[in-house]
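One structure below.
Since this is a predicted model, take the numbers as computed values, not measurements. The residues of the chain are indexed from 1 along the displayed sequence.
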Amino acid sequence: GYAFDELRLHKVTANAYGFNDASRSLLRNVGFSEEGVGREDAFVDGGYVDTHYFGLLEREWRATES
């Protein structure tokens, strides 16, 4: 709510690595939509991993407030 009410943003974005199932699940549970995957675009702990990109629009957030 702070992002939309106080900062007056239109969209909030988040990223999570492919191996982080808990983070991806959390983002979905709070209303974020997965917008795409950057295949092997991050080098983590000695190997390349996918990055999942998420977004949440203000109107989507407002629809869940009631």
Side-chain angles (χ1 to χ4, degrees):
Y2 177 78
F4 302 119
D5 294 334
E6 301 298 323
L7 299 179
R8 305 193 52 79
L9 297 178
H10 174 68
K11 180 178 181 178
V12 175
T13 62
N15 304 335
Y17 293 134
F19 61 79
N20 195 337
D21 295 332
S23 288
R24 291 186 295 129
S25 178
L26 174 73
L27 289 167
R28 286 187 192 100
N29 286 340
V30 298
F32 281 77
S33 296
E34 188 165 350
E35 297 182 336
V37 178
R39 299 182 317 134
E40 296 185 3
D41 70 342
F43 192 77
V44 178
D45 294 330
Y48 289 96
V49 298
D50 295 347
T51 302
H52 294 248
Y53 298 93
F54 293 83
L56 177 62
L57 300 175
E58 179 186 9
R59 64 179 162 77
E60 295 168 337
W61 174 259
R62 299 275 179 228
T64 65
E65 281 187 312
S66 53

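In this structure the side chain of Phe54 reaches within 4.5 angstrom of the side chain of Arg28, judged on heavy atoms.
Every residue meeting the ring pair (Phe, Tyr, Trp, His ring centres under 6.0 Å) condition with Tyr48, not counting sequence neighbours, appears here in chain and number order: Phe43. Under the salt bridge (charged side-chain N to carboxylate O under 4.0 Å, His left out) criterion, Glu40 pairs with no residue, sequence neighbours left out. For Asp45, there are no salt bridge (charged side-chain N to carboxylate O under 4.0 Å, His left out) partners, not counting sequence neighbours.
Using a 30° and 60° split on the angle between ring planes, Phe4 and Trp61 fall in the tilted class, from 30° to 60°.
Pairing each heavy atom of Val12 with each of Phe32, the nearest pair is O-CE2, 3.5 Å. Looking at every heavy atom in both residues, Val30 comes nearest to Leu56 through O-CD2, 4.4 Å.
The list of salt bridge (Lys or Arg N to Asp or Glu O under 4.0 Å) pairs with a residue in residues 47-58, not counting sequence neighbours, reads Glu58-Arg62. For residues 8-27, every residue pair satisfying the salt bridge (Lys or Arg N to Asp or Glu O under 4.0 Å) rule, not counting sequence neighbours, is listed here: Lys11-Glu35, Asp21-Arg24.
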Audit row: Thr51, Asn15, side chain to side chain donor-acceptor pair (under 3.5 Å) steps and yes/no: CA-CA 7 Å; Thr51 302; Asn15 304 335; over 6 Å; no
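Alongside Val49, the hydrophobic cluster contains Tyr17, Phe19, Val44 (criterion: ILVMFWY side chains under 4.5 Å).
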